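Have a look at the structure below, then the notes.
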Amino acid sequence: MNILYEAKDRIATITLNRPGVANAQNAELLDELDAAWTRAAEDDDVKVIVLRAEGKHFSAGHDLKGGSPSPEKITLEWIYSAESRRYLEYSLHWRNVPKPSIAAVQGRCISGGLMLCWPCDLIVAAEDALFSDPVVIMGIGGVEYHGHTWELGARKAKEILFTGRPLTADEAERIGMVNKVVPREELDDEARALAERIATMPSFGLRQAKRAVNQTLDVQGFHAAIQSVFDIHQTGHGNALSVTGYPVLARLDEMKQKLQ
């Protein structure tokens, strides 16, 4: 099973369960993850959702061997269709689930991993957490769900994208992307304790508070920006297809293999 699900004491816990590949995301994992979010959203007994991961790392991002056609058979139309659904639409769905959500992040959170934790309302990070998006190496300006500018601020977003370097948990907390940093061995307990505290609040009040904040961001342009930058992302794929033929895929895959 790519995803584990448990609902207990008004809290749904969704667990990424591919530790052997650093929780890299293939199509099956993402489909199961979206189904788990839907299950939690539709369960009236669930008030808070916790997203966590088994193993040393939260997620190494997209699984580059996860069922895609061979490089010579990939077209921009195929990429656009697949990414519209599993990356953009899924991330927006999780962001807009009308219940508070908490991501518990440890180890590496790379590229597509950001698209799992950023849609959550709160993030608790282990001291060893490192957040990065090195896909500029592919000639692409960041992952499909462009939360970078909103989560990091414009200048820090540019730095992280331009250099590909990871953002530490402490840095992420200082700029407001992470709510709390804790020792690795305390991560699950801290996330659970926070969920339990939130779960004591009235469901409708929580729903309205989340809606108020998310709608304010949307009025400021969040939703429109996410949609438009997704198309910018696709121009990177088009360039890679026409010019480079994706030779960097092997390099990125090699980087991820070292995490296992």
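Only a predicted model underlies this, so the values are computations on that prediction, with no experimental measurement involved.
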Worked verdict on R192 versus E196 for salt bridge (charged side-chain N to carboxylate O under 4.0 Å, His left out): CA-CA 6 Å; R192 182 76 187 187; E196 289 174 349; 3.4 Å; yes
So do [Y] and [X] actually touch side chain to side chain, heavy atoms under 4.5 Å?
| X | Y | value |
| --- | --- | --- |
| Y87 | V143 | no |
| F131 | T168 | no |
| I11 | T13 | yes |
| V105 | I123 | yes |
| K156 | E171 | yes |
| I14 | L4 | no |
| S132 | R108 | yes |
| D31 | Y90 | yes |

Kindly work out whether a path of hydrophobic side-chain contacts (I/L/V/M/F/W/Y, heavy atoms less than 4.5 Å apart) joins [X] to [Y].
| X | Y | value |
| --- | --- | --- |
| M177 | V229 | no |
| L152 | L161 | no |
| Y5 | L33 | yes |
| I198 | L51 | no |
| W37 | L206 | no |

Steps toward side-chain contact (heavy atoms from CB on, under 4.5 Å) verdict (H62, M115): CA-CA 10 Å; H62 303 325; M115 296 164 59; 4.1 Å; yes
Between [X] and [Y]: side-chain donor-acceptor atoms closer than 3.5 Å:
| X | Y | answer |
| --- | --- | --- |
| S84 | E89 | no |
| Q234 | E144 | no |
| N23 | H57 | no |
| N2 | E32 | yes |

Which pair of non-hydrogen atoms, one from [X] and one from [Y], has the smallest distance, and what is that distance?
| X | Y | value |
| --- | --- | --- |
| L130 | P166 | CB-CB, 3.9 Å |
| V46 | A7 | CG2-CB, 4.2 Å |
| L76 | G238 | CD1-N, 3.9 Å |
| V50 | A195 | CG2-CB, 3.7 Å |
| S59 | L16 | CB-CD1, 4.4 Å |
| K47 | S203 | CE-OG, 3.3 Å |

[atom2] on [Y] to [atom1] on [X], rounded to 0.5 Å:
| X | Y | atom1 | atom2 | value |
| --- | --- | --- | --- | --- |
| Q106 | R184 | CD | CZ | 4.0 Å |
| M1 | L29 | CE | CG | 11.0 Å |
| E186 | D189 | CD | CG | 7.5 Å |
| I102 | C117 | CD1 | SG | 13.5 Å |
| D9 | E6 | CG | CD | 9.0 Å |
| E127 | E173 | CD | CD | 10.0 Å |

Spell out, as yes or no, whether a donor-acceptor pair under 3.5 Å connects the side chain of [X] to the backbone of [Y].
| X | Y | value |
| --- | --- | --- |
| K99 | V48 | no |
| N96 | L92 | yes |
| E83 | L88 | no |
| N17 | I3 | no |
| S81 | W78 | no |
| T200 | R197 | yes |

Derivation of the side-chain contact (heavy atoms from CB on, under 4.5 Å) call for E151 and I175: CA-CA 8 Å; E151 298 282 353; I175 62 178; over 6 Å; no
R52 and L187: CA distance, side-chain angles, deciding distance, side-chain contact (heavy atoms from CB on, under 4.5 Å) verdict: CA-CA 9 Å; R52 62 176 301 278; L187 178 63; over 6 Å; no
Salt bridge (charged side-chain N to carboxylate O under 4.0 Å, His left out) assessment of R18 paired with D63: CA-CA 11 Å; R18 296 188 79 205; D63 187 344; 3.1 Å; yes
Lys/Arg-Asp/Glu bridge criterion (N-O < 4.0 Å) met for D45, R10: no
Ionic contact status for D218 with R95, cut-off 4.0 Å: yes
May I ask you to decide if the ring planes of [X] and [Y] are parallel, tilted or perpendicular, using 30° and 60° as cut-offs?
| X | Y | answer |
| --- | --- | --- |
| F222 | Y145 | perpendicular |
| H148 | W118 | perpendicular |
| H233 | H237 | perpendicular |

Stepwise side-chain contact (heavy atoms from CB on, under 4.5 Å) test for I110 and F58: CA-CA 9 Å; I110 303 173; F58 181 76; over 6 Å; no
Within 6.0 Å of NZ in K180, more than 12 heavy atoms from elsewhere: no
CD/E185: more than 12 non-hydrogen atoms of other groups inside 6.0 Å: yes
